[in-house]
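Everything on this sheet refers to the single structure shown next.
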Amino acid sequence: MKATICVLPGDGIGPEVTSKAVAVLSKVASKFGHDFTFNEALMGGIAIDKTGTSLPAESLKTAEQSDAILLGAVGGPKWSDPTASVRPEQGLLQIRKHFDLFANLRPVKAYPALAQHTPLRPDLLDNVDMLFVRELTGGIYFGPRQEQGDGDSAYDTELYTVPEVERVAHVAFRAAQSRRNKVTSVDKANVMAAYRLWRRTVVKVHEDYSDVELDHVLVDACTMYLMTRPASFDVIVASNIFGDILSDEASVLAGSLGMLPSASLGSGTMGLYEPIHGSAPDIAGQGKANPTGTILSAAMLLRYSLGLEAEAKVVEAAVEKTLAAGARTADIAPRGGSFISTNEYADQVLSAIE
Ligand code: IPM
Ligand code: MN
């Protein structure tokens, strides 16, 4: 098949990891006889430096003319002045909103090869395989706000409407049907009105999915259960901010934040694919970045935007094989143990695609 992919490398380790994911996609294309065109564009801090805005109109146009978007990471100390009116993160929020990518899928799996690497008891990691469905275009990230540079108050508002919760709940229930038929909805309904609406809406949507078990967990308790009984979760549906926080916490189960991919989807096939980690400016340019999260995001791109399930599985299997063979980037190397560079690791994934 023919497909056009917009690549937004962004800042910090973004360019290092996206180039590896592009290499993987190119390899898949030649192996399976597809024709992928990659169009690179500016976004984030680098776009601010070159154009004054984090998502230039030209980049948005490149994205609009694509079947899917592959993104590295945005942000860094250079652009984090709290009084700045232009921030790298604005471009990311804007692009999610522009394409109405309301459902952010973040799968978290514990790899047996990395069980010794987490700070948790290895037996807790048996069968850990969960999927976060994070609401991505609503809630406190986009609610009414008043930002006062040097004033004495500022606010952001957690605002949800019934249709916003309904559509993300449908995504979660449908995902559960092709997994282990269980959805955990995270909220703070004991304190916040927005989350009472969230819970009552999820309960209503659940009426269409009698084959799926639903439970509700308060967000504070959820942080604890993720560490004490992680294998009990199947699909976790959460608001924009709770999904953001909980998925970073859950990355501990996978051995490193660098391992986790994500797909941001709307109602069509257009999607934005990015690792859940940030731009890691402290290790940028040193060959220490773990490209796994971005490579697995590319696998999700094949699956969700291009409908290439077999190809997606080949990429995921190549990553598992590479890890099982002992390849480790710095973040997943045993304490004091040796590790290989981003390039060497990616080369092993590429050869596992043979
Ligand atoms: C993420 C990131 C973003 C978010 C930031 C960079 C705006 O943390 O994708 O999880 O908060 O959504
Ligand atoms: Mn985050």
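FYI, side chains are in, hydrogens and waters are out, and symmetry mates aren't considered; it's all heavy atoms of this structure. This chain uses plain numbering: 1 for the first residue, then up along the sequence. Remember, it's 1-based here, ligands and their atoms both numbered in the order they're listed. Just so it is clear, the model here is predicted, and its values are computed rather than measured.
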Margin query: Below 4.0 Å, non-hydrogen atoms only: which portion of Arg134 touches ligand 1? Side chain, backbone, both or neither.
Written below: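 Answer for Arg134: side chain.
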Contact region, Gln90 to ligand 1, non-hydrogen atoms below 4.0 Å, reads neither
Note, [X] side chain near [Y] side chain (heavy atom, < 4.5 Å):
{"X": "Lys188", "Y": "Trp198", "result": "no"}
{"X": "Met227", "Y": "Glu249", "result": "yes"}
{"X": "Phe339", "Y": "Asn290", "result": "no"}

In the protein, which heavy atom is nearest to [atom], and how far is it?
{"atom": "atom 1 (C) of ligand 1", "result": "Arg106 NH2, 3.3 Å"}
{"atom": "atom 9 (O) of ligand 1", "result": "Arg96 NH2, 2.7 Å"}
{"atom": "atom 8 (O) of ligand 1", "result": "Asp244 OD1, 3.4 Å"}
{"atom": "atom 11 (O) of ligand 1", "result": "Tyr141 OH, 2.5 Å"}

Is the Mn ion (ligand 2) less than 2.8 Å from an N/O/S atom of Asp248, whether that atom is in the backbone or a side chain?
no
Check: In ligand 1, which numbered atoms sit nearer than 4.0 Å to a non-hydrogen atom of Glu89?
Finding: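 Those atoms are 6 (C), 7 (C).
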query: Taking the six-membered ring of Phe132, is the NZ or CZ of Arg134 close enough (under 6.0 Å from the centre) and on axis enough (within 45°)?
result: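 Geometry flag: not set, cation outside 6.0 Å or 45°.
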**Q.** Lys/Arg cation over aromatic Phe233: Arg229, 6.0 Å, 45° cone
**A.** yes
Using a distance-only test with no angle check, is there a side-chain donor-acceptor pair under 3.5 angstrom linking Arg179 and Asn181? no
His170-Tyr209 aromatic ring centre distance below 6.0 Å: yes
Restricting Asp244 to its N/O/S atoms, the closest one to the Mn ion (ligand 2) is OD1
